[in-house]
Every structure is written in C-alpha cells, then in structure tokens.
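All of these numbers come straight from a predicted model, not from anything done at the bench.
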Amino acid sequence: MKALISGAGIAGPTLAYWLHRHGWHVTVVEKARTVRAGGYPIDVRGVALDVLDRMGVLPRVRAAHIDTRRLTFLTPAGKIAGQIRAEQLTGGTEGRDLELPRGRLTTILFDAVRDDVEWIFNDSIATLDDHGDGVAVRFVSGATGEFDVVIGADGLHSNTRRLVFGPEEQFNRYLGYCFAGFTVPNDLGLAHEGLTWSAPGRMAAIYAPGCTDTLHGFLMTSRPQPPLTELGDADAQRALMASVFAGDGWLIPELLDGMRAADDVFFDVTSQIHMPSWSRGRVVLTGDAAHAPSFFSGQGTSIALVGAYMLADELATATDPTAAFAAHEQKTRDFVRLNQALADTGGSTLAPATSRALWFRNHLLLKLAPLLAPTGLLGRAGRRAATGLTLPPVRKSLDALPLP
C-alpha cells in the first residue's frame with residue numbers, strides 16, 4: 001500500500017513512522033525547503049508521551065525539556081498579580097509533562113524516519129483525483145503520482161482540506177483573538193520562566209525557553225471578527241499590533257520595537273477546526289488539519305501525536321481504507337472533543353477580554369493558586385483530557401514477522 005502524507009510537522013512524521021513499521025510505502029511532501037526549525041515551545045503530556053516512548057524517541061525529547069519553573073502574571077500597571085508553575089495552569093503532572101521548542105520535536109520525529117520513507121521538500125499538492133481505487137495526485141512542481149491513500153497533515157490552514165472538503169471558513173471556529181509571535185534578544189537575563197502582562201482585550205508575554213540569549217515575544221488582542229486582510233500582509237500585521245498596544249506601559253514599547261525588527265514574525269488567529277467527518281473517500285485529515293484545538297488548549301501537539309498513532313493502527317491491517325478511516329474517527333473523536341473543550345477555559349485564563357474577567361483571573365491567581373497546585377487552574381479537566389484515551393498495543397512491525 002502506498003500513502004502520501006502532506007506535511008512534515010508533528011503528525012506527518014509520526015504517521016510516516018508507524019505506517020512504515022506496518023509495511024506501507026510512504027511519501028511525505030512538505031512545502032518548506034526542509035523540516036522547520038525554531039518555533040515557540042510546545043507541551044507534550046498524558047497519553048502522547050506513550051506514543052513518543054513507543055517510537056523510541058522519548059529520551060531525546062526528555063533531554064530537550066525546557067523545564068519552565070515560573071509563570072508571572074502582571075497587572076496593566078505592571079505589578080505582579082500572581083506567580084505559578086506551569087502545571088498549576090495546565091493541570092499537568094510535574095516531572096512527567098515535557099516542554100520543548102516545536103522545531104526540536106519536529107527534528108526528532110523526522111530523524112526517527114528520515115531514511116525509511118520518501119521525502120519531497122519545496123513542493124505541495126496541486127490537484128487530487130480520487131477515482132475509487134486510488135488517488136491520482138499532481139504536485140505544484142508538475143510531478144505526478146498514484147497513491148492508495150492521501151493524508152492531510154498540513155496544519156490549521158490545510159491545503160489538502162481545501163482541495164477535498166472546500167474552503168476553510170466552513171470548518172473554522174474563530175475564538176476571538178489574533179496574535180503575533182517573534183524572537184527578541186534576552187537583554188533581561190531571564191531563564192526558565194515567562195512573564196505575562198494583561199489588560200482588557202490584550203495580552204503581551206515574554207518567554208525564556210531555558211537559559212538562552214533569545215526570548216519569545218508574544219502580542220495578542222481580541223477582535224470581534226478575524227483580521228483576514230492582515231493575514232497576508234506583514235506590514236499590516238505590525239501596524240495592527242502597534243496601534244492596539246500604543247500607549248501601554250511595562251515592556252510593551254520594547255516588544256513593539258522587537259516585533260518591527262524581527263525577521264521571524266508569525267501572525268495568525270486563534271481558531272479551532274470542527275469537521276463533521278475527517279475523511280472523504282481515500283483522503284483523510286489528521287492533526288490540526290482535522291481538529292486543531294488552538295494553543296488555548298495547550299494540547300495541539302499531544303492530540304496530533306495520538307491521532308497519528310491511532311490512524312496508523314487502523315490502517316495497519318486495512319483492506320478497505322475508508323473503513324479504517326471511519327474506525328479511527330470513532331475511536332478518537334471523543335478524545336479530541338475533550339481536548340478542544342480546554343480552549344474555552346484556557347482562553348479566559350490567558351487573555352481575559354473584559355475588566356471584570358481580568359479582575360477575576362488575577363484574584364484567582366493571587367488567592368487560590370497555592371491551593372490549586374494538585375489540579376491546576378484548568379482543574380481535573382486538563383488531566384482527564386490529556387489521558388482520555390488508551391492506546392491499542394503496538395502491532396508487530398513487518399520486519400518482526402516470521403518469513404513464510
């Protein structure tokens with residue numbers, strides 16, 4: 001069986017690893033020139049850690065752990081509203097949850113399967129023709145191929161989803177914010193900590209991933225409608241953030257200057273993807289392309305890892321890919337729902353939109369955070385969502401089966 005995977009982020013290489021183990025011939029196409037390095041820190045917790053363990057990469061991921069020791073929340077005047085550990089915010093497990101730069105994780109996953117599957121970089125899918133017995137694919141480069149299945153693991157703004165299911169707008173649930181992320185020099189000497197400043201409807205953060213000379217800057221603002229015009233215009237993105245935060249104190253002027261000077265600004269909206277079905281014919285979506293939860297949930301990476309494992313497990317013995325897709329969705333959708341629901345609480349905790357909500361958040365941090373250490377501000381829901389699925393046993397790889 002031949003599979004084409006679009007996307008070399010988190011879900012794509014994970015799925016490629018397991019499909020190869022199950023005897024599939026796998027091709028991965030990625031529009032970037034190489035696996036993307038850098039990026040903001042991401043979390044892995046709960047059952048997703050078991051996926052990494054079964055892939056044999058958990059020691060490398062653990063070695064890259066950042067270990068954020070303190071998150072400080074600041075009032076509009078720049079005074080400390082509260083200080084907590086990351087686990088108190090997420091409901092995670094101290095000593096078990098892992099945090100590392102996104103690019104570090106993608107590199108580790110790529111290395112695990114780089115010599116076992118075919119990689120096509122600097123290209124993407126132009127057209128798909130699902131003719132029942134397979135899928136004929138034409139790439140932007142002009143190359144063509146025939147595959148038994150095509151899997152879209154190409155993120156929130158999935159090209160595969162657009163080609164097969166239609167425009168993104170029908171599946172995108174906008175959560176009311178847009179944000180800009182970028183790196184700035186670590187002139188403050190911060191290490192293993194984050195600072196978050198909040199005013200009604202806007203939030204700014206500085207994050208030190210370990211002990212390095214670089215900080216991650218972050219600006220976010222509430223918007224009644226998604227700023228679609230700015231999505232494709234870097235100058236307009238910078239202008240929007242500069243106008244929103246004009247006149248604010250703390251370190252906002254320095255962050256705005258850093259954003260203007262940065263060459264790695266990433267601008268997007270906070271959104272989730274909700275689809276009635278993750279597959280159509282011989283094409284299926286996974287990861288953010290199928291069910292992005294937004295970073296408010298803190299679980300995008302984890303459900304991408306778990307979803308890829310579960311999909312590969314169903315395809316391992318499939319004679320009918322469409323039946324495998326349906327079984328995968330039936331077993332995984334409740335887990336996805338649990339984790340997407342975390343965004344509702346996560347958004348109001350990270351970025352309160354009103355003065356009343358901001359007061360309540362800060363009051364909660366100041367008065368109750370020490371009492372919430374065992375469960376976190378997201379309570380038991382965060383832990384229950386992260387562990388809300390049991391992985392099926394690892395199927396024997398093709399190489400491990402006895403010869404006839």
Side-chain angles (χ1 to χ4, degrees), residues 1-22 24-40 42 52 55-57 60-61 64 100-129 134-164 168 181 183 231-232 234 263-268 282-290 292 300-301 304-305 307-309 311-312 315:
M1 299 285 280
K2 296 177 63 178
L4 173 66
I5 300 172
S6 176
I10 303 298
T14 304
L15 184 62
Y17 174 90
W18 289 108
L19 286 181
H20 169 72
R21 276 183 57 96
H22 300 323
W24 283 61
H25 180 278
V26 181
T27 300
V28 182
V29 61
E30 165 60 48
K31 66 180 180 180
R33 294 183 179 276
T34 185
V35 173
R36 302 186 190 202
Y40 50 83
I42 49 87
L52 297 177
M55 294 177 69
V57 300
R60 289 189 64 190
V61 175
L100 70 163
R102 186 182 187 278
R104 185 74 183 113
L105 180 58
T106 57
T107 299
I108 291 171
L109 295 172
F110 171 69
D111 288 345
V113 71
R114 65 187 305 164
D115 297 327
D116 299 322
V117 306
E118 179 184 4
W119 298 88
I120 303 174
F121 288 101
N122 198 30
D123 208 349
S124 60
I125 299 173
T127 63
L128 293 165
D129 178 18
V135 185
V137 176
R138 182 173 62 83
F139 297 95
V140 171
S141 64
T144 60
E146 180 79 20
F147 303 90
D148 293 291
V149 299
V150 172
I151 302 156
D154 42 358
L156 174 67
H157 306 298
S158 169
N159 175 54
T160 309
R161 185 181 61 233
R162 178 184 60 81
L163 290 172
V164 177
E168 177 182 315
T183 56
L231 283 178
D263 59 3
D264 60 355
V265 177
F266 177 75
F267 183 91
D268 210 339
R282 286 177 172 262
V283 179
V284 66
L285 305 175
T286 191
D288 280 358
T301 298
L305 289 165
Y309 179 93
L311 177 57
L315 288 171

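When the shell of 6.0 Å around CZ of F139 is examined, it contains more than 12 heavy atoms from other residues, nucleotides or ligands.
Remark: the S124 side chain and the N159 side chain contain no N/O donor-acceptor pair separated by less than 3.5 Å.
The only member of L128, T27, V283 that meets side-chain contact (heavy atoms from CB on, under 4.5 Å) when paired with F147 is T27. Screening T301, V57, T14 for a side-chain contact (heavy atoms from CB on, under 4.5 Å) involving L105 leaves a single residue, T301.
Residues H25 and E118 have side chains in contact (heavy-atom distance under 4.5 Å, counting atoms from C-beta outward). Two residues are said to be in side-chain contact when any heavy atoms from C-beta on lie closer than 4.5 Å; I10 and R102 meet this criterion. With a 4.5 Å cut-off on side-chain heavy atoms, V28 and L15 do not count as touching.
Contacts of F110 classified as ring-ring contact (aromatic ring centres under 6.0 Å, His included), with partners at least two apart in sequence or in another chain: W119. In terms of the ring-ring contact (aromatic ring centres under 6.0 Å, His included) criterion, Y17 has no residue partners (sequence neighbours excluded). Contacts of R282 classified as salt bridge (Lys or Arg N to Asp or Glu O under 4.0 Å), with partners at least two apart in sequence or in another chain: none. A search for salt bridge (Lys or Arg N to Asp or Glu O under 4.0 Å) contacts involving D111 returns R60, R114, not counting sequence neighbours.
Smallest separation of non-hydrogen atoms from G287 and A11: CA-CB, 4.2 Å. Nearest heavy atoms, P13 versus G7: CD-O, 4.3 Å. Closest approach of I5 and A153 over heavy atoms only: CG2-CB, 4.1 Å. Summarising the geometry of V140 relative to A126, their closest heavy-atom pair is N-CB, 3.8 Å, with the distance given to 0.1 Å. The two residues P101 and I42 have their closest heavy-atom pair at C-CG1, 4.5 Å.
Screening residues 145-160 for salt bridge (Lys or Arg N to Asp or Glu O under 4.0 Å), with sequence neighbours left out, gives no hits.
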From CA spacing to verdict: side chain to side chain contact (heavy atoms under 4.5 Å, CB included), E168, R162:
CA-CA 6 Å; E168 177 182 315; R162 178 184 60 81; over 6 Å; no
Do L231 and D268 pass the side chain to side chain contact (heavy atoms under 4.5 Å, CB included) test, and can you show the C-alpha distance, the side-chain angles, and the key distance before you say yes or no?
CA-CA 7 Å; L231 283 178; D268 210 339; 3.9 Å; yes
Test log, rule side chain to side chain contact (heavy atoms under 4.5 Å, CB included), inputs V61 and L100
CA-CA 8 Å; V61 175; L100 70 163; 4.0 Å; yes
When you look at V150 and I125, which way does the side chain to side chain contact (heavy atoms under 4.5 Å, CB included) test go after all the steps?
CA-CA 10 Å; V150 172; I125 299 173; 4.1 Å; yes
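Interatomic distance, L156 CG to D288 CG, rounded to the nearest 0.5 Å: 6.5 Å. Note that CG of L52 and CG of L109 are 6.5 Å apart. Values are rounded to the nearest 0.5 Å. Put simply, CG on L311 and CG on L285 are 10.0 Å apart, with the number rounded to the nearest 0.5 Å.
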In a table with atom names and distances, give each donor-acceptor pair under 3.5 Å that connects a side chain of residues 29-37 to protein atoms at least two apart or in another chain.
| unit_1 | atom_1 | unit_2 | atom_2 | d |
| --- | --- | --- | --- | --- |
| E30 | OE1 | A8 | N | 2.8 |
| E30 | OE2 | A32 | N | 2.9 |
| E30 | OE2 | R36 | NH2 | 3.3 |

